[in-house]
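Letters go in sequence order (proteins before strands), and every chain restarts at 1.
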Number of protein chains: 2
Amino acid sequence: MTPAVAGGAPARTTPPLNRAQVLAAGVALADREGLAAVSMRHLSAELGVVPMALYKHVADKHDLVAGMIDLVVAGYAVPPPGLEWREGVRRHVLAARDALLEHPWLRPAIEAATQRTPAVLAHMDTVAGAFAAGGLSYDLVHHGMHALGHRIWGFSPEAFSNPPAPGTLPLPAPSAAEQHAMMAAVAQQYPHIAAIAIDTATRHPLGACDDQFEFEFTLDLLLEAVARLHVTGWSSR
Amino acid sequence: MTPAVAGGAPARTTPPLNRAQVLAAGVALADREGLAAVSMRHLSAELGVVPMALYKHVADKHDLVAGMIDLVVAGYAVPPPGLEWREGVRRHVLAARDALLEHPWLRPAIEAATQRTPAVLAHMDTVAGAFAAGGLSYDLVHHGMHALGHRIWGFSPEAFSNPPAPGTLPLPAPSAAEQHAMMAAVAQQYPHIAAIAIDTATRHPLGACDDQFEFEFTLDLLLEAVARLHVTGWSSR
DNA sequence: ACCTGAACACCGTTCAAGT
DNA sequence: ACCTGAACACCGTTCAAGT
């Protein structure tokens, strides 16, 4: 076995790793052998390096998977601007679906993740913007996103209220000043998410997003739509 | 530390374990500490037994989790008979949701499982029956179930076509005789699933359930329903 | 700055043995 | 029939050390 560099570099035979390489290798490995095969040890072997070397580029296993998710989600295809709102939303959702079909591990990975990553939030904001482009109220945008639900992945409405798994320590509540700074930063980066949050807070001053309401809203929307097809004698093909 | 039995049973201090006890302990442990805490070693310690003892009652880890899923799904509340079909479906879905809220590990467990278990199939059949009670065509029942999608858990339409994870060996295709026997057994136990399968096979002789069609069917159903709310000036609260 | 080696506390599962 | 003990091939992550 000769080192990868042919010329004769003296001490360091291979260039040092970086985060992007580690994440890309993780994505490639997951594509090839599934998410379960992405262990620190297996991935490091793939990169010709000892397991602990990865910890220079990745905080821990969760950070590795979060980075892999973001790498893919940031690459979602973006439809051309100026589409009618329904077509715009449609294209965004189908673009996300394309990525999910290409990377079957992505959906379980996003579902298992406890924190939403920046690219995931950005996609959420983009889809909310596509709704808002049609002049829908942010109230309806909010519920519309909940209705699409897991169809938009990366973005999933559960981002708003994800019950922590048992055995997880609750994060310390941010102070008022921290909350203010956070809101300002979110409003800057994710204007549509901020608009929904403000609209929701105005409507329901107690703050909480009522999951039960969202669930029944979508359920009834779907049942009514199916019933409508039933009475019109709809048939596939 | 004295044995649990007080009276003075001579050799065997505790009654032998059985499958139901193991599964119930697994459910209790998952409820208390999350699915990740349910390891063969941890669960066996909980039962005061060596890890290998569990393998007398459970084939392996997958069988343990499948048994835990079935235990909960078989306990879904059943709405009273004779309801209008939409209300019937609604109650079944909300009963499943109640169980999911009570056992937060259930959804990830069902999602991660590769095989549908008997109780999950039975629930599916029950919901299909609730649709069919309204006189809907099995074509529409099929698409309606796909539209409800993950809202009915245990039951999820992906049961029809679950892409195997990479690295999983494909099961050998059943012979024609085996297929015939399987269909007969299914038709016996799950009449509504069988009716949908027959209807689908009649419509699409090539057999496959077109996931892309299902996805877009639901997507468009939802977008149209939201658009309808938009034009009527719908507002929450 | 980046990588290594040995170690720790975990996994699921096998096999042969005990009672 | 049911449970045990030792072993194997894995995990993620720590710490102190190398270059």
Side-chain angles (χ1 to χ4, degrees), chain A residues 1 3-5 9-23 25-26 29-30 33-68 105 108-109 112-115 165 167-169, chain B residues 1 3-5 9-23 25-26 29-30 33-68 105 108-109 112-115 165 167-169:
Chain A
M1 300 297 170
V5 173
R12 164 158 281 145
T13 55
T14 50
L17 242 43
N18 60 49
R19 183 170 229 264
Q21 279 171 56
V22 171
L23 299 182
L29 181 55
E33 303 184 34
L35 192 58
V38 182
S39 69
M40 299 300 276
R41 294 172 116 103
H42 188 167
L43 180 57
S44 67
E46 199 101 341
L47 289 164
V49 114
V50 98
M52 280 313 298
L54 299 184
Y55 285 82
K56 261 276 116 81
H57 308 103
V58 129
D60 56 15
K61 177 96 192 270
H62 284 117
D63 185 43
L64 168 66
V65 176
M68 288 166 53
W105 53 271
T114 47
Q115 296 275 346
T168 308
L169 294 180
Chain B
M1 299 295 169
V5 173
R12 164 159 282 145
T13 55
T14 49
L17 243 40
N18 59 50
R19 183 170 228 264
Q21 279 172 58
V22 171
L23 298 183
L29 180 55
E33 303 184 35
L35 191 59
V38 182
S39 67
M40 300 298 277
R41 294 172 116 104
H42 189 167
L43 180 57
S44 66
E46 199 102 339
L47 289 164
V49 114
V50 99
M52 280 313 299
L54 298 184
Y55 285 81
K56 260 277 115 79
H57 308 103
V58 129
D60 55 17
K61 177 96 192 270
H62 285 117
D63 185 43
L64 168 65
V65 176
M68 288 166 53
W105 53 271
T114 47
Q115 295 274 349
T168 309
L169 295 180

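- When rounded to the nearest whole Å, the span between CG of B/L47 and P of D/dT4 equals 11 Å.
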Under the side-chain contact (heavy atoms from CB on, under 4.5 Å) criterion, do B/M68 and B/V58 qualify, and how do the steps go?
CA-CA 11 Å; B/M68 288 166 53; B/V58 129; over 6 Å; no
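- The side chain of A/D60 sits closest to D/dT13 out of C/dC3, D/dC3, D/dT13.
- Side-chain N/O atoms of B/H57 include one lying less than 4.0 angstrom from OP1 or OP2 on D/dC3.
- Distance A/L17 CG to C/dT4 C1': 14 Å, rounded to the nearest Å.
- Distances from the side chain of B/H42 to the nucleotides C/dT4, C/dC11, C/dT13 place C/dC11 closest.
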Hey, mind stepping through A/L64 and A/L54 against side-chain contact (heavy atoms from CB on, under 4.5 Å) and telling me if it holds?
CA-CA 9 Å; A/L64 168 66; A/L54 299 184; 5.7 Å; no
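- In the set D/dG12, C/dC2, D/dT14, the nucleotide with an atom closest to the side chain of A/M52 is D/dT14.
- Look at CG on A/L64: it is 10 Å from P on D/dT13, rounded to the nearest Å.
- For the pair A/L54 CG and C/dC3 C1', the computed distance is 11 Å after rounding to whole Å.
- The side chain of A/Y55 lies closest to D/dG12, out of C/dG12, D/dC3, D/dG12.
- Atom CD of A/Q21 is separated from atom C1' of C/dC2 by 13 Å (rounded to the nearest Å).
- Rounded to the nearest 0.5 angstrom, B/R41 CZ and B/E46 CD are separated by 15.5 Å.
- Under the Watson-Crick and G-U wobble criteria, each requiring two contacts below 3.5 Å, nucleotide C/dC2 is paired to D/dG18.
- Shown here, D/dA9 forms no base pair; nothing in the strands shown gives a Watson-Crick or G-U wobble contact with both key distances under 3.5 Å.
- Looking at the side chain of B/K61, the nearest of the listed nucleotides D/dT13, C/dT13, C/dC3 is C/dT13.
- Annotation: the span from B/Q21 atom CD to B/H57 atom NE2 amounts to 8.0 Å, rounded to 0.5 Å.
- Of the candidate nucleotides C/dC11, D/dC3, D/dG5, C/dC11 has the atom lying nearest to any side-chain atom of B/S39.
- Nearest-nucleotide positions on DNA chain C place A/K56 closer to the 5' end than the other of A/R41 and A/K56.
- Residue-level contact check: B/M40 touches the backbone only, with heavy atoms under 4.0 Å from sugar-phosphate atoms and none from bases.
- A distance of 9.0 Å separates CG of B/L47 from CG of B/L29, quoted to the nearest 0.5 Å.
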